[in-house]
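No hydrogens, no waters, no symmetry mates; every other heavy atom, side chains included, goes into these values.
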Amino acid sequence: MRFAVSTAASVVILVLGAGCGADSFRQTWTAFPEQAVIFSLTREEGNLASGFDMIQRGSRRIEAPGNAEAWDFALDTQGGLLVFLPPPLLGIRDSNAAIAPFPGMEFDELLKAPRDDDLYISDQPIPVEFGTTYVVRTREDPTFSNCFFFGKFVVMESSVQDGTVRILFDTNPLCEDRDLVPPPVDN
């Protein structure tokens with residue numbers, strides 16, 4: 001009898017919550033755009049953060065690609081230009097991380113990560129360009145049941161001479177959720 005009463009009470013609570021227009025099972029998150037600096041792999045100094053981890057939200061050192069902390073893209077200088085490199089280009093074959101560039105799209109305008117896998121690049125360098133917002137499909141994270149996360153970034157400053165890029169980025173912390181901005185909060 002106790003089970004029936006507590007089950008009935010739970011149903012009433014769920015119905016009342018749903019009646020108020022709130023989805024009691026919807027997960028929410030808060031936008032938290034931050035800036036970070038990434039250094040080109042070609043810089044002479046050692047121990048510089050040349051990779052970026054969208055899941056843990058920070059720059060990472062890549063001493064040897066296979067031994068590096070987890071990361072989703074790296075910065076390099078090729079042919080006198082700065083480029084972003086997905087992990088497979090540095091020999092990490094088990095990473096599914098990829099980047100989809102959206103030229104002419106402002107950071108705040110890009111609301112959702114694309115579903116079309118053909119838009120994501122993992123097999124070639126991606127030029128660093130102002131006026132482009134980049135969507136990142138992260139590597140599969142085994143901590144979260146091997147799911148992908150999605151985030152975006154835009155180049156704020158870059159210097160080929162210094163081999164640096166400063167980006168503004170944000171990542172949706174919900175597994176497999178393609179929203180690049182949080183949903184509106186219901187009151």
Side-chain angles (χ1 to χ4, degrees), residues 26-38 40-41 50-60 62 65 68-158 160 165-184:
R26 186 180 82 181
Q27 294 181 314
T28 60
W29 59 287
T30 302
F32 190 66
E34 292 183 274
Q35 293 186 25
V37 174
I38 310 168
S40 175
L41 289 165
S50 297
F52 196 79
D53 179 352
M54 293 293 287
I55 297 171
Q56 295 299 316
R57 301 177 59 93
S59 303
R60 300 286 178 255
I62 302 176
E69 292 183 47
W71 50 276
D72 298 300
F73 63 90
L75 180 68
D76 197 13
T77 307
Q78 296 182 356
L81 301 173
L82 292 171
V83 294
F84 297 114
L85 301 178
L89 291 179
L90 291 174
I92 300 177
R93 300 287 176 223
D94 61 345
S95 176
N96 295 339
I99 299 174
F102 287 87
M105 184 76 79
E106 296 289 329
F107 185 81
D108 292 335
E109 293 176 324
L110 198 51
L111 306 178
K112 203 164 201 64
R115 290 192 181 279
D116 184 353
D117 284 339
D118 291 339
L119 295 176
Y120 292 95
I121 300 169
S122 63
D123 61 350
Q124 59 187 328
I126 301 148
V128 170
E129 297 177 337
F130 288 105
T132 296
T133 298
Y134 302 86
V135 174
V136 176
R137 179 189 66 208
T138 69
R139 68 200 181 278
E140 288 182 295
D141 188 350
T143 309
F144 296 96
S145 303
N146 289 328
C147 70
F148 295 110
F149 294 89
F150 294 90
K152 62 182 176 178
F153 70 91
V154 65
V155 175
M156 304 295 290
E157 292 178 12
S158 70
V160 175
V165 168
R166 185 169 55 90
I167 63 171
L168 174 69
F169 72 95
D170 204 357
T171 304
N172 181 335
L174 303 178
C175 176
E176 303 290 341
D177 186 348
R178 293 177 183 272
D179 288 337
L180 297 174
V181 295

List the atom of [X], the atom of [Y], and the distance in Å for their closest heavy-atom pair.
X      : Y      : result
Asp53  : Ala70  : OD2-O, 3.4 Å
Ala31  : Pro33  : C-CD, 3.6 Å
Val135 : Pro114 : CG1-CD, 4.1 Å
Ile167 : Phe153 : CG2-CD1, 3.8 Å
Trp29  : Thr171 : CZ3-O, 3.9 Å
Gly80  : Val160 : O-CG1, 3.3 Å

Ignoring hydrogens and angles, tell me if any N or O in the side chain of [X] forms a donor-acceptor pair with the backbone of [Y] under 3.5 Å.
X      : Y      : value
Gln35  : Leu168 : no
Thr138 : Ile55  : no
Ser59  : Val37  : yes
Thr133 : Phe107 : yes

May I ask you to test the [X]-[Y] pair for a side-chain heavy-atom distance under 4.5 Å?
X      : Y      : answer
Val155 : Phe84  : yes
Ile38  : Phe73  : yes
Lys152 : Tyr134 : no
Trp71  : Ser95  : no
Arg93  : Pro88  : yes
Lys112 : Phe150 : no
Ser158 : Phe130 : yes
Ile121 : Asp123 : yes

side-chain contact (heavy atoms from CB on, under 4.5 Å) evaluation trace for Leu110 with Val154: CA-CA 11 Å; Leu110 198 51; Val154 65; over 6 Å; no
SB check Arg137 Asp72 (cutoff 4.0 Å):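 Answer for the salt bridge query: no.
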Ion pair check, Arg139 and Asp94, cut-off under 4.0 Å: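 Asp94 and Arg139: not salt-bridged.
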Check against side-chain contact (heavy atoms from CB on, under 4.5 Å), Asp76 and Leu89: CA-CA 11 Å; Asp76 197 13; Leu89 291 179; over 6 Å; no
Distance in Å, Glu109 CD paired with Leu180 CG, rounded so as to fall on 0.5 Å steps: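 Between atom CD of Glu109 and atom CG of Leu180 there are 13.0 Å.
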Separation of Met54 CE from Phe169 CZ (nearest 0.5 Å):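 Reported to 0.5 Å precision, the distance equals 7.0 Å.
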Derivation and outcome, side-chain contact (heavy atoms from CB on, under 4.5 Å), residues Leu75 and Val128: CA-CA 9 Å; Leu75 180 68; Val128 170; 3.8 Å; yes
